[in-house]
Structures are given as structure tokens and as C-alpha cells.
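Small disclaimer: the values here were computed from a predicted structure and weren't measured.
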Amino acid sequence: MRVAFHAPMKPPDHPTPSGDRRMARLLMAALRAGGHDVRLASRLRTWDDGTVPGRPARTRRRGEAIAARLIERWRGATDAPEAWFTYHLYHKAPDWIGPAVADALDIPYLVAEASRAPKRATGPWAEGYAAAEAALRRADAVLAMSAIDAEGLKAALPDPARLHRLPPFIDTAPFAAARKRRSRTRRRLLDGEAGPWLIAVGMMRQGDKRRSYEILADALRRLGDRPWRIALVGDGPAKDDIVGLFDPARARWFGILDPETLADLYAAADLKVWPAVNEAYGMALLEAQAAGLPVVAGAYGGVPDVVRDGLTGLLTEPGDPAAFAEALAVLLDDPAVRRAMGRAAAGLTPIDHGFDATAVRINAILRAVAR
């Protein structure tokens, strides 16, 4: 089947690292694994932070013009798509293209990782909210990637049977391979230095990412004289300020790493830490667990869907540095529990969030709506 793909939040082929872009690429790969011809229909980014007057209307006009061109190109064409798949739809990133094309070509319209915030029905995102709601009503299938999103989406769908749960997923194989290299990569990447080594991975920019780093730095200062080191992975416009939050005698900044080196660094470390302020669920949390790391994370959004509290890690009250420090202390003080959680994470992540099973699920949903 020919599938047109669009990610209005962030184009999947942009080189800047992002969990959104990784998930978009994984969804495209999952569709291709089902034998489908997947093409990127548009690189239009509709994301709007609500601060630029007139931007929603300008983006809408661009989207409508792109939709008109695609309809003209594809109507009656032998290479026209047979389904449309949109990833990450919400009031800040509405889909101005897919519903119009799907209607004109009479093809199924699918959405993955949508969310709703009814309080945005008025205000600077009112136009985007209305468009996202219209797209959800049009959707033949909506794939919710967290329990909290699934609950909110029910009210927007004319038929609740159109809502499907789809767990966030990754290709766990590179991280399993990295586990086998742990001893030598720990020597290579961490100079064999004694730990425990913590690892935090996130872009270094203002807003929620900076707030996550601030909470983490605050929590670490509360740990007293416990031994720990931390590997900081990421870069961005706030890098100097963020790195400066951490004790330079205990922190090492690695910048942005290629995928293989990042997998090796996860496996070389001892504990993944991330306060996860306003994270949808956190791709890095899945990657770390696949590499055999237990996790300490803030219980925002869909994070409880990817970290099994008490089994593969510990979840804390969102935004609470003291609670985060307490959870860190538990795992720093008990290496046996930490290692047991790491083994559980390595074993359960391929089962709960592996690529192959999720690809089968996605393609079964697509085939069902395309009948």
C-alpha cells in the first residue's frame, strides 16, 4: 500500500536530534516493515508557540496551498497514496494538509500520538485547536501512545472504536548489542573511572528541558557525600548555562553523540536520570532501559507508560527535587537493587516496547481501516 506520511510537529528528516523525529522515523520504518511504500508528503512544520501574531493563519494558508497541489497531482494518478498517516497532532501542531487530501482522494486518514487540551479552545492556539479537533473527527484510526492521551482523546472521536493504544517503541537491538560491549566501552568512554555513573540525555534549550536539568542539579546537590559522576549528553543554545548548573568535578559533558556511541554510553553508565518535565513519554528513557539501565524519572505525562515504577526504575512526584533526590539515594545506596532493575529493564523493554511487535500492530490497524 502507498502511504503518505506527515509530521507537522517536526519533519522526520531534519538532522537535529529529537525524540519526536526518532519516533516519526520509527513509524515510517514500521510501515515499511509491513511492505508499504511510505513517502514523506510534506515537510511543512506547523508548530506554533503562540507568540507570533498571525502565524497560525499564515501556516494554515501554506498548508491549504500544499494540500491543493497534492490533490491536483494525485487525483486519478496511478501513484496516488492509498492512505495518509500523520504523526504528532495537537493544538500547537495541527494538520492542515492530511484531512483535505484524504477527503479528496477518498483514502483512510490515520493519526498517531495525538493529544487534546480543551482549555486551548480559546486564546492564541484557538485556530490550531479547532483544526486538530477536526482532524481527529475525520480520522479513521487514532493511535494513542500514552494512557493519559487515550483518556483525553475519547471525547473527540465520533466512534470510540477508532481509538487504538500503541505503546511507544524503539529498535532495541543496538542497545542490546551495546550491553555486550559494556566493559570496554566503559573504559573507552568513561576512562574506567569509578561510579556510579549517572546519565542524562536532553537538548539544552530554555523551557521544559532547562527546567528538567535544573531539577536534576538541585536533586544532586541534596545527595551529600554519596559518590556519583554524571554524563551529560546534549547541546543547544542554553548549553553553557545548563552545564554550569553541575559540579564540574563530577560532571562530564559529551555534546551530541552519534546513535552507536550513545548506545554505548548508556550501557557504560549505571543509572539513567531525567526529571522529564512535560515529556510526552521520553524516548531516551526507553533507550536507556533497553541498554540495561534502571531509571529515575519524574512521573509526567506518559512517562509511567514506559517506566515500570518499582520494577525497571523509580518515578517521582513531578517537579519535586527533594523527591527526586530521595529516589536517587535509594538506588545509589543499593547497587544490588539498581542492578536488578537494570536487568528487568533490559528484559522487559523488547517485550513491551520492541519494534517488531509494534510494527505488526500498526500494520494490522492500517489494513483494517483500508478495507
Closest heavy-atom contact between [X] and [Y]?
X	Y	result
A325	L223	O-CD2, 3.5 Å
P12	F5	CG-CE2, 4.5 Å
P124	G50	CB-O, 3.8 Å
Y87	P8	O-CD, 3.3 Å
L70	A41	CD1-O, 4.1 Å
Y213	V233	OH-O, 3.6 Å

Between [X] and [Y], does any side-chain N to carboxylate O distance fall below 4.0 Å?
X	Y	result
R75	E72	no
D13	R21	no
D140	R162	no
D171	R25	no
D37	R39	yes

[atom1] of [X] to [atom2] of [Y]: how many Å apart, nearest 0.5 Å?
X	Y	atom1	atom2	answer
D79	R73	CG	CZ	6.0 Å
R116	L153	CZ	CG	7.0 Å
S115	E113	OG	CD	7.5 Å
T86	H88	OG1	NE2	12.0 Å
L348	H353	CG	NE2	8.5 Å
H6	F85	NE2	CZ	13.0 Å

Audit row: L216, L245, side-chain contact (heavy atoms from CB on, under 4.5 Å) steps and yes/no
CA-CA 9 Å; L216 176 58; L245 296 170; over 6 Å; no

Hydrophobic cluster identity match, [X] and [Y], side-chain contacts under 4.5 Å:
X	Y	result
L286	I199	yes
I256	M204	no
I230	M203	no
I107	V142	yes
L89	L110	no

Using modelled atom types and a 3.5 Å cut-off, is there a donor and acceptor pairing between side-chain atoms of [X] and backbone atoms of [Y]?
X	Y	result
D218	E214	no
T316	A323	no
R186	A268	yes
E82	R2	yes
D270	L198	no
R182	A267	yes
R32	V38	yes
R120	Y129	no
T261	L257	no
R43	P11	no

If the test is salt bridge (charged side-chain N to carboxylate O under 4.0 Å, His left out), which one of R55, R60, K92, R61 qualifies with E127?
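Output: one option passes, namely R60.
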
Kindly state each residue pair satisfying side chain to side chain donor-acceptor pair (under 3.5 Å) with at least one member in residues 324-348, sequence neighbours excluded.
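Only R226-D333 qualify under side chain to side chain donor-acceptor pair (under 3.5 Å).
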
Where does the angle between the aromatic ring planes of W74 and W84 fall among parallel (under 30°), tilted (30 to 60°) and perpendicular (over 60°)?
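W74 vs W84 ring planes: perpendicular.
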
According to the interplanar angle, ranging from 0 to 90°, do the rings of H91 and W125 count as parallel (below 30°), tilted (30 to 60°) or perpendicular (above 60°)?
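Answer is perpendicular, since the angle exceeds 60°.
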
A cation-pi test, strictly: NZ or CZ of K239 under 6.0 Å from the centre of the six-membered ring of W253 and no more than 45 degrees from its axis. Yes or no?
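Positive - K239 is close enough to the ring of W253 and near enough to its axis.
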
Do R250's NZ or CZ and the ring of W228 fall within the cation-pi criteria of under 6.0 Å and 45°?
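Verdict for W228: a cation-pi partner in R250.
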
Let's go through V295 and L314 carefully: what are the C-alpha distance in whole Å and the side-chain angles of both, what is the deciding distance for side-chain contact (heavy atoms from CB on, under 4.5 Å) to 0.1 Å, and is it a yes or a no?
CA-CA 6 Å; V295 169; L314 297 177; over 6 Å; no

Tell me, yes or no, whether the heavy-atom count around R62 atom CZ, taken from other residues, nucleotides or ligands under 6.0 Å, exceeds 12.
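Count not over threshold, so no.
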
Please determine whether the number of non-hydrogen atoms from other residues, nucleotides or ligands lying under 6.0 Å from atom CD1 of I148 exceeds 12.
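No, not enclosed.
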
Result of checking T312, T349, T172 against Q289 for side-chain hydrogen bond (donor to acceptor under 3.5 Å, both in side chains)
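Per the side-chain hydrogen bond (donor to acceptor under 3.5 Å, both in side chains) rule, the option paired with Q289 is T312, out of T312, T349, T172.
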
Any chance the rings of W197 and Y266 have centres within less than 6.0 Å?
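W197 vs Y266: aromatic centres not under 6.0 Å.
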
After noting the C-alpha distance and the side-chain angles of R252 and L232, does the key distance pass the side-chain contact (heavy atoms from CB on, under 4.5 Å) rule?
CA-CA 6 Å; R252 183 183 299 181; L232 302 172; over 6 Å; no

Apply the test side-chain contact (heavy atoms from CB on, under 4.5 Å) to residues V201 and K272: give CA-CA distance (whole Å), side-chain angles for both, the deciding distance (0.1 Å), then the verdict.
CA-CA 9 Å; V201 179; K272 163 69 177 175; 3.6 Å; yes

So do the side chains of W47 and Y90 get within less than 4.5 Å of each other, counting heavy atoms only?
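The answer is yes, as the side chains (C-beta and beyond) meet within the 4.5 Å cut-off.
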
